[in-house]
Amino acid sequence: MTEAVHFFNTMDRQLREFHPIIPGKVGIYTCGPTVYNFAHIGNFRAYIFEDILCRTLRLAGYEVQQVMNLTDVDDKTIRDSRAENLPLKEFTARYIKAFFEDLKELAITPAAVYPPATAHIPEMIALIEALFEKGYAYQAEDRSVYFAIDKFPDYGKLANIDRENQLSGVRIKNDEYAKDSVADFALWKAWDEKDGDVVWDSPWGPGRPGWHIECSAMAMKYLGRTFDIHTGGIDNMFPHHEDEIAQSECANGVKYVNYWLHCAHLMVNGEKMSKSLGNFFTLRDLVKQGRSGREIRYVLLGTHYRKKLNFTFEALDQAREALKKFDDFFLRLKSASGDGSGDDAAAGLAAAAVKQFQTGMFNDLNTAEAGAAIFGLLHEVNKLLESSALSAPGAEAVLAAFRTFDIVWGCFHVDRAAEAEIPAAAAALAEARAAARKAKNFAESDRLRDELKQLGFVVEDISGGGYRLKAL
RNA sequence: GGCGUGGUAGCCAAACGGUCAGGCAGCGGUCUGCAAAAUCGCAUAAAUCGGUUCAACUCCGAUCCACGCCUCCA
């Protein structure tokens with residue numbers, strides 16, 4: 001059983017109910033990283049969006065097969081590996097490793113497959129051969145192989161690009177191109193000196209695949225000639241995705257993708273964050289500054305994926321406060337020992353909140369609406385806790401709702417295995433403070449509280465004489 | 001030049017033609033030895049100018065501003 005979900009399909013710019021090719025199953029292809037550097041959080045905005053998408057589909061009852069490629073051969077990987085005098089494979093391995101570490105830090109659920117481009121050269125060659133047979137590919141004087149976009153009348157349908165108008169102003173160096181038309185893109189790039197030892201044999205001579213063909217070949221290998229969802233950053237829409245469509249549909253004669261979902265940019269100080277502009281933070285930078293993956297995840301999922309997100313440190317501060325609030329809430333729930341008179345109410349509130357949460361997420365991933373459901377539940381249940389109306393069963397119903405939220409949001413960690421370990425020294429101080437307090441020696445108890453703070457712990461008194469010790 | 005997106009309170013961010021978004025921060029009260037946490041209450045909106053309508057933040061038009069794609073980019 002699956003529930004109805006709606007997505008905005010870039011192809012026709014409409015909100016559409018999602019219908020998979022095979023009932024109950026979804027195949028998703030995502031353009032992954034080019035592994036020539038550490039990914040920055042602008043990149044991770046897209047990966048978080050895709051993670052949220054997959055998790056939402058799972059919540060709706062789908063079995064999700066996500067494929068994310070690793071572009072481990074292209075102009076930049078070759079350029080930078082040579083600059084460091086490293087074999088390409090060794091160079092990219094470093095960033096592949098870093099990428100997976102970063103995914104883990106952000107609690108991104110791994111895709112089913114991460115196919116590297118260099119392991120799929122034969123598939124790419126086969127695809128180019130098919131394009132040759134059907135007359136869509138040609139080899140130019142520079143020995144590279146190009147796709148002839150004039151042969152594909154649908155070219156531009158995704159990005160809504162009109163070739164005639166498009167090409168006049170921008171590209172003036174027509175004469176420098178060996179290809180027939182300036183817009184034609186490379187399927188196979190003939191070897192040149194700059195490529196060094198990065199080279200494969202092909203029916204057209206030594207060289208390497210063009211970037212676009214990598215994705216087409218791997219997507220259809222793992223998901224079939226037509227699959228459900230293709231995602232990526234909006235800047236990949238043209239030309240990359242447009243080119244994928246051209247190659248794939250011309251080679252196969254069938255529709256390539258049913259739903260295209262594109263994520264808007266992450267901005268910093270009002271400008272796109274990108275490697276080429278140099279205005280980027282890597283995840284590592286932020287972690288080094290004491291920001292957690294959890295906080296960053298919370299910030300990145302807070303804005304609707306089709307809207308630009310302006311990244312600020314203030315937003316990270318806000319995330320920290322909000323998450324702290326939830327952590328505290330879970331602790332109080334777990335030790336709820338009221339009279340139980342509010343348990344039924346809590347269960348009802350939890351069920352309603354889950355429903356609203358789903359309504360939001362299933363409506364084109366409206367995280368803001370889902371968030372309102374989450375905070376609403378927090379607020380109402382806090383009142384029940386305040387009046388000691390909640391006992392274990394009621395509290396458990398609420399915790400269960402948060403586990404459901406976390407299927408998608410992945411940042412609450414209701415059942416984090418161990419709470420931060422309390423060192424013996426801190427526990428002793430807290431005990432001493434409790435004793436001083438009991439003896440109404442408040443000067444001493446305040447002094448001990450300050451000492452605890454030095455150790456990184458906050459102590460909160462609970463009415464009735466108890467206290468709670470929390471890591472700062 | 002072509003194509004496209006957006007401008008909501010101090011900050012972040014939704015829905016919706018008529019009734020509350022939500023969060024963070026702030027202010028006042030309750031609780032507390034004092035705090036903290038929680039809780040109750042409060043305030044601050046819809047770039048500008050027109051139009052449609054009984055009614056517009058929500059629809060239409062114009063203007064201004066910002067940003068993106070058209071070239072490697074999530």
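Both backbone and side-chain heavy atoms feed into the values below; hydrogens, waters and symmetry mates do not. Residue numbers start from 1 in every chain, and the chains themselves are labelled A, B, ... in the order their sequence lines are given, proteins ahead of strands.
- When each of A:Arg433 and A:Lys307 is assigned the nucleotide of RNA chain B bearing its nearest heavy atom, the one mapping closer to the 5' terminus is A:Lys307.
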Under the ring pair (Phe, Tyr, Trp, His ring centres under 6.0 Å) rule, what do A:Phe412 and A:Phe402 come out as? Steps first, then yes or no, please. CA-CA 7 Å; A:Phe412 294 119; A:Phe402 274 87; 5.4 Å; yes

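- Looking only at atom types and distance, the side chain of A:Tyr467 has a donor-acceptor partner in the side chain of A:Glu431 under 3.5 Å away.
- The nearest whole Å value for the distance from the CD atom in A:Glu271 to the P atom in B:rA66 is 12 Å.
- Nearest nucleotide to the side chain of A:Asn160, out of B:rC24, B:rG33, B:rG4: B:rG4.
- Under the Watson-Crick or G-U wobble criterion, with both distances below 3.5 Å, B:rU32 is left unpaired in every strand shown.
- Phosphate proximity of B:rC40 to A:Lys383: present, with a side-chain N or O under 4.0 Å from OP1 or OP2.
- In this structure, A:Phe326 has its ring center at least 6.0 angstrom away from the ring center of A:Phe405.
- B:rA37 and B:rA43 are spaced 23 Å apart, taking the P atom of each and rounding to whole Å.
- The backbone N or O of A:Ile78 lies less than 3.5 Å from a partner atom in the side chain of A:Ser81, making a donor-acceptor pair.
- Counting only heavy atoms from C-beta on, A:Asn366 has its side chain closest to B:rA14 among B:rC69, B:rG10, B:rA14.
- The side chain of A:Lys325 places an N or O atom within less than 4.0 Å of a non-bridging phosphate oxygen (OP1 or OP2) of B:rC24.
- At a cut-off of 3.5 angstrom, counting only N and O atoms as typed in the model, there is a donor on one side and an acceptor on the other between the side-chain of A:Arg449 and the base of B:rC34.
- At a cut-off of 3.5 angstrom, the base of B:rC24 holds no donor-acceptor pair with the side chain of A:Glu314.
- Taking the P atoms as reference points, B:rC59 lies 10 Å from B:rC16, given to the whole Å.
- Here the side chain of A:His379 is nearest to one of B:rA36, B:rG10, B:rC40, namely B:rC40.
- In the interface, the side chain of A:Asp235 is not paired with the base of B:rG68 through any donor and acceptor atom under 3.5 Å apart.
- Checking B:rC20 for Watson-Crick or G-U wobble geometry (two distances, each under 3.5 Å) identifies no partner in any strand.
- Within the shown strands, B:rG61 is the pairing partner of B:rC49 under the Watson-Crick or G-U definition, both distances less than 3.5 Å.
- Here B:rA66 sits opposite B:rU5 as a Watson-Crick or G-U wobble pair (both hydrogen-bonding atom distances under 3.5 Å).
- Listed nucleotides B:rG33, B:rA21, B:rA38 differ in distance to A:Ala368; the shortest reach to its side chain belongs to B:rA21.
- If you measure from atom CG of A:Leu323 to atom C1' of B:rG22, you get 15 Å, rounded to the nearest angstrom.
- Nucleotides B:rG23 and B:rA13, compared at atom C1', are 8 Å apart to the nearest Å.
- A:His304 places its NE2 atom 18 Å from the P atom of B:rC12, with the value rounded to the nearest Å.
- Rounded to whole angstrom, the span from the NZ atom of A:Lys308 across to the P atom of B:rC12 amounts to 14 Å.
- In this structure, A:Phe311 has its ring center no closer than 6.0 Å to that of A:His40.
- For B:rC27, the paired base is B:rG41 (Watson-Crick or G-U wobble, both distances below 3.5 Å).
- B:rG33 has A:Phe442 stacked on its base ring, the centres lying under 5.5 angstrom apart and the planes within 30 degrees of parallel.
- When the P atom of B:rA35 is taken as reference, atom CG of A:Asp461 falls 12 Å away, rounded to whole Å.
- If you measure from atom NE2 of A:His262 to atom P of B:rG68, you get 18 Å, rounded to the nearest angstrom.
- Rounded to whole Å, the C1' atom of B:rU8 lies 4 Å from the corresponding atom of B:rA46.
- For the residue pair A:Asp72 / A:Tyr95, no side-chain donor-acceptor distance below 3.5 Å is found, with atom types taken as modelled.
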Give the intermediate values and the outcome of side-chain hydrogen bond (donor to acceptor under 3.5 Å, both in side chains) for residues A:Asp150 and A:Tyr155. CA-CA 8 Å; A:Asp150 287 341; A:Tyr155 192 84; over 6 Å; no

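- When the P atom is compared between B:rC27 and B:rA36, the two are found 11 Å apart, to the nearest whole Å.
- Distance noted for atom P between B:rG33 and B:rA15: 46 Å (whole Å).
- With B:rG23, B:rA38, B:rG33 as the choices, the nucleotide that has an atom nearest any side-chain atom of A:Asn382 turns out to be B:rA38.
- For the C1' atom pair drawn from B:rG26 and B:rA9, the interatomic distance equals 13 Å after rounding to whole Å.
- The nearest heavy atom of RNA chain B to A:Arg332 and to A:Gly371 marks one nucleotide each, and the one closer to the 5' end goes with A:Gly371.
- With hydrogens and angles ignored, no donor-acceptor pair closer than 3.5 Å exists between the side chain of A:Asn310 and the base of B:rC67.
- Remark: the separation of the C1' atoms in B:rU44 and B:rG51 is 30 Å, to the nearest Å.
- Listed by first and then second residue, the side-chain hydrogen bond (donor to acceptor under 3.5 Å, both in side chains) pairs that reach into residues 368-381 of chain A come to none, sequence neighbours excluded.
- Out of B:rC34, B:rA14, B:rG10, the shortest distance to the side chain of A:Thr303 is found at B:rA14.
- Comparing atom distances between the A:Glu386 side chain and each of B:rA38, B:rU32, B:rA25 picks out B:rA38 as nearest.
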